Undergrad: 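Provided herewith is a single structure, encoded as structure tokens, for subsequent inquiry.
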2 protein chains.
Amino acid sequence: MAHLQGDLAKVLIEREIKPSYHRIRIYRYLVENRTHPTVEQIYSDLQKELPTLSKATIYNTLKLFSDKGIAKTMTIEEKEARYDIVEENHGHFKCKECGDIYDFKIDIDDLGTGDLNGFKIDQKDVYFKGICRGCQ
Amino acid sequence: MAHLQGDLAKVLIEREIKPSYHRIRIYRYLVENRTHPTVEQIYSDLQKELPTLSKATIYNTLKLFSDKGIAKTMTIEEKEARYDIVEENHGHFKCKECGDIYDFKIDIDDLGTGDLNGFKIDQKDVYFKGICRGCQ
DNA sequence: TTCCGTTTTGTAATGATTACAATTCTATAA
DNA sequence: TTATAGAATTGTAATCATTACAAAACGGAA
Ligand SMILES: [Mn+2]
Ligand SMILES: [Mn+2]
Ligand SMILES: [Zn+2]
Ligand SMILES: [Zn+2]
């Protein structure tokens, strides 16, 4: 944990993202909060420590992260986008009751792509919806 | 084709949807246009024949269809929702170039649900993105 | 025809996202 | 150190899909 800030900066640099302080903090937020947060959640949490942070910066930064491949935008629900760091393939389950989004293991690359011969597939998302165990 | 209108009405009635004329026409539009249309597309196409049709009715009707299980809302992209009739499991591929959304065969029920013991799964969506064959 | 519940409409409100010009920051050169 | 240019950030206005809601139109029963 000692050099977390530095380690995070390294990741950004590797992806050709200049590691400004706000960018590092937003990335760190995503790494430490694997809850698939909305922009609003990121904003209200980070604002406590970064009073000058603006929502525009969060939108800009998440767009940049997404373009550079270290974060992804989730469209599992209709109203607000949610964000996740890019990591090993996994699916997402959204509970209609509590609203939480759970990760679950799935080998997305195993999914057959029968009809898609000749298609270039860049991104695969698996979204499930229902009621989580705790909400039954 | 002779009794299409009547056949469609029957489907609505089976699902406890009163088959008003607009509802039948919107459902027929979805059945005949398997292009995963937006509300805007449905509206501008149907308006030609139904000049009094309002967007509010389309939103209301699609919500009703979705609640009753004969249509579903797709969140494959961030800006606008798209709609599809409910039919045998299939995945969706969105081409980033031309914007078209293709169906493809996938056995969604075969997807493992390892971590989701005790979860009640109501809906499964598989969204791929990339470049379609024609756009390469 | 009258009546009542349902459907539809038009429009205003909402709210997330984007656009954009102004300001602040940062690194480098003089 | 100070000046300067480019990049990052900010605040706010604009956009646009969706929702809310009250008024109007419709449709079947009596
Ligand atoms: Mn995740
Ligand atoms: Mn489809
Ligand atoms: Zn839950
Ligand atoms: Zn294409």
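Predicted model only: the values in this text are computed from it and were never measured. These values consider heavy atoms only, across backbone and side chains, with no hydrogens, waters or symmetry-generated copies. Convention: sequence-line order gives letters A, B, ...; per-chain numbering from 1.
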Undergrad: Between atom CZ in B/Phe65 and atom C1' in C/dT7, what is the gap in whole Å?
TA: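 Going from CZ in B/Phe65 over to C1' in C/dT7 covers 13 Å.
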Undergrad: Looking only at side chains, do B/Asp45 and B/Gln47 share a donor and an acceptor under 3.5 Å apart?
TA: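 No pair is found: no donor N or O on one side chain lies under 3.5 Å from an acceptor on the other.
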Undergrad: Could you identify which residues of residues 48-62 of chain B place a heavy atom less than 4.0 Å from some atom of DNA chain D, listed by residue number, or say none?
TA: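 Only B/Tyr59 qualify.
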Undergrad: Please report, rounded to the nearest Å, how far the P atom of C/dT6 is from the CG atom of B/Leu12.
TA: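 Value for this atom pair: 18 Å.
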Undergrad: What's the verdict on side chain to side chain donor-acceptor pair (under 3.5 Å) for A/Tyr29 and A/Arg25, showing C-alpha distance, side-chain angles and the deciding distance?
TA: CA-CA 6 Å; A/Tyr29 184 91; A/Arg25 292 304 301 269; over 6 Å; no
Undergrad: What's the spacing between A/Ile70 CD1 and A/Ile17 CD1 if we round to 0.5 Å?
TA: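 The distance works out to 4.0 Å.
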Undergrad: Round to a whole Å and report the spacing from NZ of A/Lys18 to C1' of C/dT28.
TA: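 Answer to the nearest Å: 12 Å.
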Undergrad: Checking ring pair (Phe, Tyr, Trp, His ring centres under 6.0 Å) between B/Phe128 and each of B/Phe93, B/Phe104, B/Tyr102, which is the one that passes?
TA: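 With B/Phe128 as partner, B/Phe93, B/Phe104, B/Tyr102 yield a single ring pair (Phe, Tyr, Trp, His ring centres under 6.0 Å), made by B/Phe104.
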Undergrad: In whole Å, I'd like the distance from the CG atom of B/Leu64 to the C1' atom of C/dT7.
TA: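 So the CG-C1' distance, B/Leu64 to C/dT7, works out to 11 Å.
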Undergrad: Could you tell me whether the side chain of B/Asp122 reaches within less than 4.5 Å of the side chain of B/Lys120, counting heavy atoms only?
TA: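 SC-SC contact between B/Lys120 and B/Asp122 confirmed.
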Undergrad: Do A/Val126 and A/Leu116 belong together in a cluster built from hydrophobic side chains that touch within less than 4.5 Å?
TA: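 Same cluster.
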Undergrad: What are the 5'-most and 3'-most nucleotides of DNA chain D lying under 4.0 Å from any heavy atom of chain A?
TA: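 Contact span on the strand: D/dA7 to D/dG11.
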Undergrad: Expressed in angstrom and rounded to an integer, what is the separation of B/Glu80 atom CD from C/dT17 atom P?
TA: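 Nearest whole value for this atom pair: 15 Å.
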Undergrad: Just how far, in rounded Å, is P of C/dG10 from NE2 of B/His22?
TA: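 Distance check: B/His22 NE2 to C/dG10 P gives 10 Å.
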Undergrad: Once you round it to whole Å, what is the distance between C1' of C/dA16 and CD1 of A/Ile42?
TA: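 One finds 14 Å between C1' of C/dA16 and CD1 of A/Ile42, rounded.
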Undergrad: Parallel, tilted or perpendicular: which fits the ring planes of A/His90 and A/His36, with parallel below 30° and perpendicular above 60°?
TA: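 Taking A/His36 first and then A/His90, their aromatic rings sit tilted (interplane angle of 30° to 60°).
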Undergrad: Test: salt bridge (Lys or Arg N to Asp or Glu O under 4.0 Å). Region: residues 126-136 of chain B. Which pairs qualify, not counting sequence neighbours?
TA: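 Found none.
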